[in-house]
Amino acid sequence: MRIIISPAKKMRLDTDTMPYRDLPVFLSNTQELCEKLQAMSYEELKKLWKCNDQIAALNVQRLAHMDLHTRLTPAILSYEGIQYQYMAPGVFTDREYDYVQEHLRILSGFYGILRPFDGVTPYRLEMQAKLQIGQTKDLYAYWGNSLANYLAAQTDCIINLASKEYSLCVSKHLPSSVRFITCVFGEEKDGKVIEKGTMCKMARGEMVRYMAQHQIRQPEEIKAFDHLGYRFDEARSDDCTYVFVLQKEGSV
């Protein structure tokens with residue numbers, strides 16, 4: 001079983017907490033992307049990143065001094081988004097670190113796919129960025145089926161806790177022999193389950209923590225997840241989609 005999650009835009013450098021263990025498996029691709037970005041102008045990068053001047057200036061500076069082999073941070077400690085705050089990897093036990101290193105994979109527009117203790121440097125490049133590399137029109141085309149093939153060689157079951165932007169680069173290329181289970185976290189409104197961005201990110205992070213704490217080995221075991229007021233909804237779920245609904249106050 002493998003668990004896939006999205007990266008976060010906000011990143012930090014932390015070479016003190018613990019050392020990284022390996023370099024990313026698609027590092028030669030990352031080097032190619034890095035060189036492509038370094039050859040672009042400030043205005044081109046700002047348009048690609050869809051950000052303000054402050055964020056653009058920070059990331060242009062990062063690019064100018066980028067080294068993919070030194071002063072690296074373990075990927076799981078590098079991202080600072082809401083999902084990672086609720087996962088709280090900084091307080092994992094050794095047993096929980098071992099679990100995520102084996103099962104968790106972080107998808108990335110820049111690195112392709114990351115194990116938790118792969119060494120990374122702060123970057124900015126979302127999977128949906130319209131970056132043309134060689135004959136490919138964007139990052140989805142650039143990565144093609146390589147990420148899906150990498151995962152399919154490791155497992156026959158993937159728990160999808162990634163956003164659609166990221167999970168698409170895996171789901172559309174997976175062979176039918178690999179079970180792909182998407183977790184939906186929402187609240188009921190007018191008979192429908194509505195997902196809200198921030199709450200989804202919080203729940204995805206909590207789910208990773210829950211799986212690590214309970215050393216989950218079979219997908220059916222996550223149906224017992226009950227953090228943040230969510231409960232598994234059997235009626236709305238099927239073999240490919242596990243739906244967790246936020247319980248209203250006073251409900252059981």
Side-chain angles (χ1 to χ4, degrees), residues 1-8 75-76 79 81-84 86-87 89 96 98-108 112-116 127-128 140 143-188 192-247:
M1 187 178 72
R2 292 292 180 269
I3 309 156
I4 57 171
I5 61 174
S6 305
I76 199 168
Y79 297 106
I82 294 170
Q83 178 177 233
Y84 292 84
Y86 277 78
M87 189 196 312
E96 290 161 354
D98 289 343
Y99 177 89
V100 294
Q101 178 68 5
E102 179 183 353
H103 296 283
L104 184 67
R105 298 294 179 264
I106 303 166
L107 304 177
S108 165
I113 202 160
L114 293 163
R115 296 159 297 195
M127 187 64 78
Q128 61 186 355
Y140 289 112
W143 290 111
N145 61 6
S146 57
L147 310 185
N149 289 346
Y150 173 80
L151 289 167
Q154 297 181 348
T155 186
D156 61 359
C157 181
I158 293 173
I159 304 295
N160 175 29
L161 295 174
S163 65
K164 289 180 181 177
E165 172 194 347
Y166 282 91
S167 62
L168 189 64
C169 66
V170 172
S171 60
K172 70 182 293 186
H173 299 291
L174 275 181
S176 57
S177 58
V178 179
R179 186 179 179 193
F180 190 79
I181 304 170
T182 296
C183 292
V184 172
F185 300 95
E187 55 186 89
E188 188 174 346
K192 296 181 179 179
V193 175
I194 307 298
E195 293 182 274
K196 295 185 177 178
T198 299
M199 289 297 293
C200 282
K201 291 174 183 177
M202 291 163 56
R204 288 166 181 158
E206 285 278 355
M207 178 62 90
V208 174
R209 165 164 282 282
Y210 177 87
M211 295 179 76
Q213 286 177 335
H214 294 272
Q215 300 286 298
I216 300 296
R217 303 286 171 180
Q218 299 299 325
E220 287 71 26
E221 295 177 65
I222 67 174
K223 294 178 180 180
F225 176 79
D226 59 359
H227 292 202
L228 300 178
Y230 286 96
R231 297 292 186 277
F232 179 71
D233 191 321
E234 187 80 50
R236 289 186 169 95
S237 301
D238 55 37
D239 287 345
C240 298
T241 308
Y242 283 5
V243 179
F244 296 85
V245 179
L246 190 62
Q247 302 302 295

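- Cation-pi geometry between K201 and Y86 is not met at under 6.0 angstrom from the ring centre and within 45 degrees of the axis.
- Here the straight-line distance linking atom CE of M127 with atom CG of L107 works out to 6.0 Å at 0.5 Å rounding.
- C183 and F244 get closest at one heavy-atom pair: SG-CE1, 4.2 Å.
- Among L161, N160, I158, the one residue that satisfies the side chain to side chain contact (heavy atoms under 4.5 Å, CB included) test with T182 is N160.
- Pairing each heavy atom of C169 with each of Y140, the nearest pair is CB-CD2, 4.1 Å.
- Residue E221 holds its CD atom at 10.0 Å from CD1 of I159, rounded to the nearest 0.5 Å.
- Ring pair Y210/H227 is perpendicular by interplanar angle, where above 60° counts as perpendicular and below 30° as parallel.
- A donor-acceptor pair under 3.5 Å is absent between the side-chain atoms of S237 and the main chain of Y242, judged by distance alone.
- Put simply, the side chain of S167 gets close to the backbone of S163: a donor and an acceptor are under 3.5 Å apart.
- In this structure, CD1 on I76 lies 5.5 Å from CG on L104, to the nearest 0.5 angstrom.
- Under the 6.0 Å cut-off for aromatic ring centres, F232 and F225 do not qualify, their centroids lying 6.0 Å or more apart.
- Side-chain contact between F180 and V170: present, with at least one pair of heavy atoms (C-beta onward) separated by less than 4.5 Å.
- The minimum heavy-atom distance between Y166 and S6, with the atom names listed, is CD1-OG, 3.7 Å.
- By the 4.5 Å heavy-atom criterion applied to side chains, R115 and R105 are counted as neighbours.
- Between V208 and E206 the shortest side-chain heavy-atom distance does not fall below 4.5 Å.
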Passes side-chain contact (heavy atoms from CB on, under 4.5 Å), I113 versus L151? Steps please.
CA-CA 9 Å; I113 202 160; L151 289 167; 3.7 Å; yes
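- Atom CG of D239 sits in a sparse spot, with 12 or fewer heavy atoms from other residues, nucleotides or ligands closer than 6.0 Å.
- Atom CG of residue L168 and atom CD of residue Q128 lie 10.5 Å apart, to the nearest 0.5 angstrom.
- Across every non-hydrogen atom of Y230 and A203, the tightest pair is CE1-CB, 3.8 Å.
- Considering all non-hydrogen atoms of both residues, R204 and A162 come closest at NH2-O, 3.9 Å.
- Checking Q154 against Y150 by side-chain atom types alone, a donor-acceptor pair falls below 3.5 Å.
- Proximity of a side-chain donor or acceptor of Q247 to a complementary backbone N or O of V245 within less than 3.5 Å is detected.
- When every heavy atom of K223 is checked against every heavy atom of E234, the shortest pair comes out as NZ-OE2, 4.3 Å.
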Could you go step by step and tell me if I5 and Y79 meet the side-chain contact (heavy atoms from CB on, under 4.5 Å) rule?
CA-CA 12 Å; I5 61 174; Y79 297 106; over 6 Å; no
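- In summary, K164 and E195 do not engage in a salt bridge, as defined by a charged side-chain N under 4.0 Å from a carboxylate O.
- Using a 4.0 Å cut-off between charged nitrogen and carboxylate oxygen, R179 and E220 count as a salt-bridge pair.
- Remark: side-chain polar atoms of S146 are paired, donor with acceptor, to backbone N or O of W143 under 3.5 angstrom.
- Here the side chain of H173 pairs no donor or acceptor atom with the backbone of N149 at under 3.5 angstrom.
- Of the inter-residue distances, the one linking C200 atom SG with I194 atom CD1 reads 10.5 Å to the nearest 0.5 angstrom.
- Of the inter-residue distances, the one linking S171 atom OG with I4 atom CD1 reads 7.5 Å to the nearest 0.5 angstrom.
- H103 meets the ring-ring contact (aromatic ring centres under 6.0 Å, His included) test with Y99; sequence neighbours excluded.
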